[in-house]
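First up is the structure itself, then whatever we jot down about it.
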Amino acid sequence: MARTDTSTHCPYCALQCGMKLRPVADGGVVEVVERTEFPVNRGALCGKGRTAPAVLATGVRLTGPLVRDAGGDLVPAGWDEALGRIAEGLRGTRAEYGADAVGVFGGGGLTNEKAYSLGKFARVVLGTSQIDYNGRFCMSSAAAAHQRAFGLDRGLPFPLEDVPRTGCVILVGSNLAETMPPALRYLTELRENGGRLIVIDPRRTRTAEQADLHLAPRPGTDLALALGMLHLVVADGRVDEEFVRTRTHGWDEARAGAMAHWPELVERLTGVPVPQLREAVEMFCGAGSGMVLTARGPEQQAKGTDTVGAWINFCLATGRAGRPLSGYGCLTGQGNGQGGREHGQKADQLPGYRKLTDPAARRHVAGVWGVDPDTLPGPGRSAYELLDALGRDVRSLLVMGSNPVVSAPRAGHVEERLRSLDFLAVADVVLSETAALADVVLPVTQWAEESGTTTSLEGRVLLRQRAVTPPEGVRSDLEVLHALAGLLGHGKGFPADPEEVFDELRRASAGGPADYAGITYARIAAEDGVFWPCPDEAHAGTPRLFLERFATDDGLARFVPVTHRPPAEETDTEYPVVLTTGRVVAQYQSGAQTRRVAELNAAAPGPFVELHPRLAERIGVAEGERVAVTSRRGRAVAPARITSSIRQDTVFMPFHWPGEGRANSLTNPALDPVSRMPEFKVCAVRVEAAG
């Protein structure tokens, strides 16, 4: 067997670590080998990346279509029958109830080509406005705040290589050591270079252990914390007045909001002592440069957009934005969380990060697609609102690359809505909990079996290259959309070749905020990725944004006045404890793939409830005993993990598992008014021994 290595990228998080795949002759498919020349991870991989080929194996993944028979069981079927059933189901719903009775739910792990084609399929073939994706649950609040302040949303406006060279990093609500382990080296190098690290997290995580200063606020109070720190910046005379005057708008209103949050008030709200607040401000402002990086902690709240906005205000007031080695950035979670929302599977956007309500954007994209712009539907429901409408306004649903039965808030309700549909079709690589509910399940190719691009948290467009041939009964998502479009009367416009799709995406994005026009497969391979915007092939790409001007009409950043407000659901005598959720290092998202890898399951075999020893003593549970966590939406049961690294008023559950330990049975779907992000990170619960 030829031992030709194929350069590609990990299928999991937005770090998109470089790796090589090598064929093996001993019964496996491929093995992962280091790709040390790729600059982001320099060969390092976490356990998920190293074991990713395990999901390629027969017996783990789907290898043929399934349809539900008259007895209610999923049984094998041929592709013609499966595709025919989907076309019939979508066509019938549209004819009886109208185009918006058909919904499409995508995923932040889909390649740019798939996300683009899925959005086009929904709007051109189905004519529906009802399309959104699970990336809405990822960094939509940060995206909205980016747009308000800077006029452009890219997770990081600078490459990761800048992080170790700045003077101070404030990391808010991120546990990089478990969510993106190879990225932890950037924080280690920061401190080795003399920089300082401040971590803000209600838990003393493995990442917080690396910090010079750890602040542990009560979940849901990140906004108050940011405002309190900005108050101290003003009170101590640390505002960069020249920067504020020459490069921003709106400071007076934002300043007034901050001054209403004096340190003692913020201590009462957050539980963070005033001396720690002062130390954090002194540490950040005392450095010559600085960055604030946020993740899901502050973002997955019903005030996530304002919370991120408060941290952006903090950066602007201190002159830590639009300058070398300084700025605000968001650590995107999903593998293509950045590109996935740029090119059309989000309810309110067209390719190139264009607004669906912008007449010029509609004309441009419609011209590329060869349709009348008036035929394009307007914005639809956001992700949770779409899921909540299933079985009522939305009667049929096509799901690609998502598992909302496990990943959505108030998951028990979402599962009920999925079961109430007239018709459900799911395309996935494994039989996920959502796929198990479907009328038709389509087996689709995985990362190693197809080519396509993703866009990392840096805004670097990358190329995954096909390394192996998929099983005979498996087709790509692009082939699925091509076939369905043909069955529904659109024989042209949906190519199955990813590079052909990407070339069309380049034309559709040209001139838009996320301009990929100058990016080609050849350039990506030759340059280890290309940073957007890149308007033409002579352009070098844009690793660093905003150094000369922000992406607003006048080039000035906007302060946005914000004020603290409590979580959508506060604790009381019936539900006296706060639940927060997150990830563990050996599992990923809903766990649909990682839970099928023996090595990862050995490291993280199931859910747990992390609680403080005093809370454990109060409810009478010991390490490993079953704990029941109950909210107003549901109940979950999992073993106790007792640790003093969490606040006494807080419990933590990872969200990777279905069944009785499903953390999202508990979470609150209260939505941010701007981003429509659900409040995953804080809800009121009752904690007791499960008996």
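Here, residue 1 is the first one in the sequence, and each next residue gets the next number.
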Item checked: Verdict with supporting geometry, Arg123 and Leu356, side-chain contact (heavy atoms from CB on, under 4.5 Å) -> CA-CA 11 Å; Arg123 296 182 173 104; Leu356 193 51; 3.9 Å; yes
Margin query: Set out, in order, the CA-CA distance, both residues' side-chain angles and the distance that settles side chain to side chain donor-acceptor pair (under 3.5 Å) for Gln587 and Thr594, then state yes or no.
Written below: CA-CA 6 Å; Gln587 301 289 353; Thr594 51; 2.6 Å; yes
Next item on the list: Could you check Gln446 against Gln593 for side-chain contact (heavy atoms from CB on, under 4.5 Å), going step by step and ending with a plain yes or no?
Entry: CA-CA 11 Å; Gln446 299 183 52; Gln593 295 180 55; 4.2 Å; yes
Note to self: Does Asp528 form a salt bridge (charged side-chain N to carboxylate O under 4.0 Å, His left out) with Arg460? I'd like the steps, not just the answer.
What the structure shows: CA-CA 9 Å; Asp528 280 331; Arg460 187 194 300 251; over 6 Å; no
Next item on the list: Evaluate the criterion side-chain contact (heavy atoms from CB on, under 4.5 Å) for residue pair Asp477 and Met400; output intermediate values, then yes/no.
Entry: CA-CA 8 Å; Asp477 294 279; Met400 279 192 165; 3.7 Å; yes
Next item on the list: Evaluate the criterion salt bridge (charged side-chain N to carboxylate O under 4.0 Å, His left out) for residue pair Arg61 and Glu449; output intermediate values, then yes/no.
Entry: CA-CA 13 Å; Arg61 51 93 58 80; Glu449 301 165 341; 2.7 Å; yes
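Contacts of Arg136 classified as salt bridge (Lys or Arg N to Asp or Glu O under 4.0 Å), with partners at least two apart in sequence or in another chain: Asp132. For Arg475, the side-chain contact (heavy atoms from CB on, under 4.5 Å) partners are Trp79, Leu83, Glu479, not counting sequence neighbours. The salt bridge (Lys or Arg N to Asp or Glu O under 4.0 Å) search around Arg154 returns none, not counting sequence neighbours. With sequence neighbours excluded, the residues that form a side-chain hydrogen bond (donor to acceptor under 3.5 Å, both in side chains) with Thr454 are Gln16.
Within a 6.0 Å sphere centred on CG of Asp80, other residues, nucleotides and ligands contribute 12 heavy atoms or fewer. For Glu37, the CD atom counts as densely surrounded, since its 6.0 Å shell holds more than 12 non-hydrogen atoms of other residues, nucleotides or ligands. Heavy atoms of other residues, nucleotides or ligands lying less than 6.0 angstrom from CG of Asp372 number more than 12.
Looking at Tyr516 and Thr455, their side chains do bring a donor and an acceptor atom within 3.5 Å of each other. Looking at Glu299 and Thr294, their side chains do bring a donor and an acceptor atom within 3.5 Å of each other. A donor-acceptor contact closer than 3.5 angstrom links the side chains of Thr93 and Ser396. Using modelled atom types and a 3.5 Å distance limit, the side chains of Glu113 and Thr453 yield a donor-acceptor pair.
With respect to Arg362 and Asp374, no salt bridge is recorded, no charged nitrogen being found less than 4.0 Å from a carboxylate O. Ion pairing of Glu385 with Arg676 is present here, as a side-chain N (NZ or NE/NH1/NH2) and a carboxylate O approach within less than 4.0 Å. Between Glu433 and Arg595 a salt bridge is recorded (basic side-chain N to carboxylate O distance below 4.0 Å). A salt bridge is defined here as a Lys NZ or Arg NE, NH1 or NH2 lying under 4.0 Å from an Asp or Glu carboxylate O, and Glu450 with Arg464 fails to meet this definition. With respect to the salt-bridge test (charged N to carboxylate O, under 4.0 angstrom), the residues Arg35 and Asp5 do not qualify.
Judged as a ring pair (Phe, Tyr, Trp, His ring centres under 6.0 Å), the pairs with a partner in residues 467-513 (not counting sequence neighbours) are, in order, Phe502-Tyr521. Residue pairs meeting the ring pair (Phe, Tyr, Trp, His ring centres under 6.0 Å) criterion with at least one member in residues 125-147, sequence neighbours excluded, are Phe137-Phe680, His146-Phe150, His146-Tyr328.
The CZ atom of Arg50 lies 12.0 Å from the SG atom of Cys17; values are rounded to the nearest 0.5 Å. Rounded to the nearest 0.5 Å, atoms CD (Glu342) and CD (Gln338) are 4.5 Å apart. In this structure, the separation between CG on Asn134 and OH on Tyr384 is 16.0 Å, given to the nearest 0.5 Å. Note that the CG atom of Asp503 and the OG1 atom of Thr520 stand 8.5 Å from one another [nearest 0.5 Å]. Atom CG of Asp515 is separated from atom CG of Asp536 by 8.5 Å, given to the nearest 0.5 angstrom.
Side-chain atoms of Arg544 do not come within 3.5 Å of backbone N or O of Gly322 as any donor-acceptor pair. Between the side chain of Glu527 and the backbone N or O of Ile524, no donor-acceptor pair lies under 3.5 Å. Within the 3.5 Å criterion, the main-chain N or O of Ala517 finds a donor-acceptor partner in the side chain of Arg506. A donor-acceptor contact shorter than 3.5 Å is absent between the side chain of Thr305 and the backbone of Ala144. In this structure, the side chain of His539 does not engage the main chain of Cys534 through any donor-acceptor pair within 3.5 Å. Listed for the Asn41 side chain is a donor-acceptor partner under 3.5 Å among the backbone atoms of Ala44.
The shortest distance between side-chain heavy atoms of Val104 and Gln130 does not fall below 4.5 Å. Counting heavy atoms from C-beta outward, Met180 and Leu457 have side chains that approach closer than 4.5 Å.
When ring centroids are compared, His343 and Tyr353 stay outside the 6.0 Å threshold.
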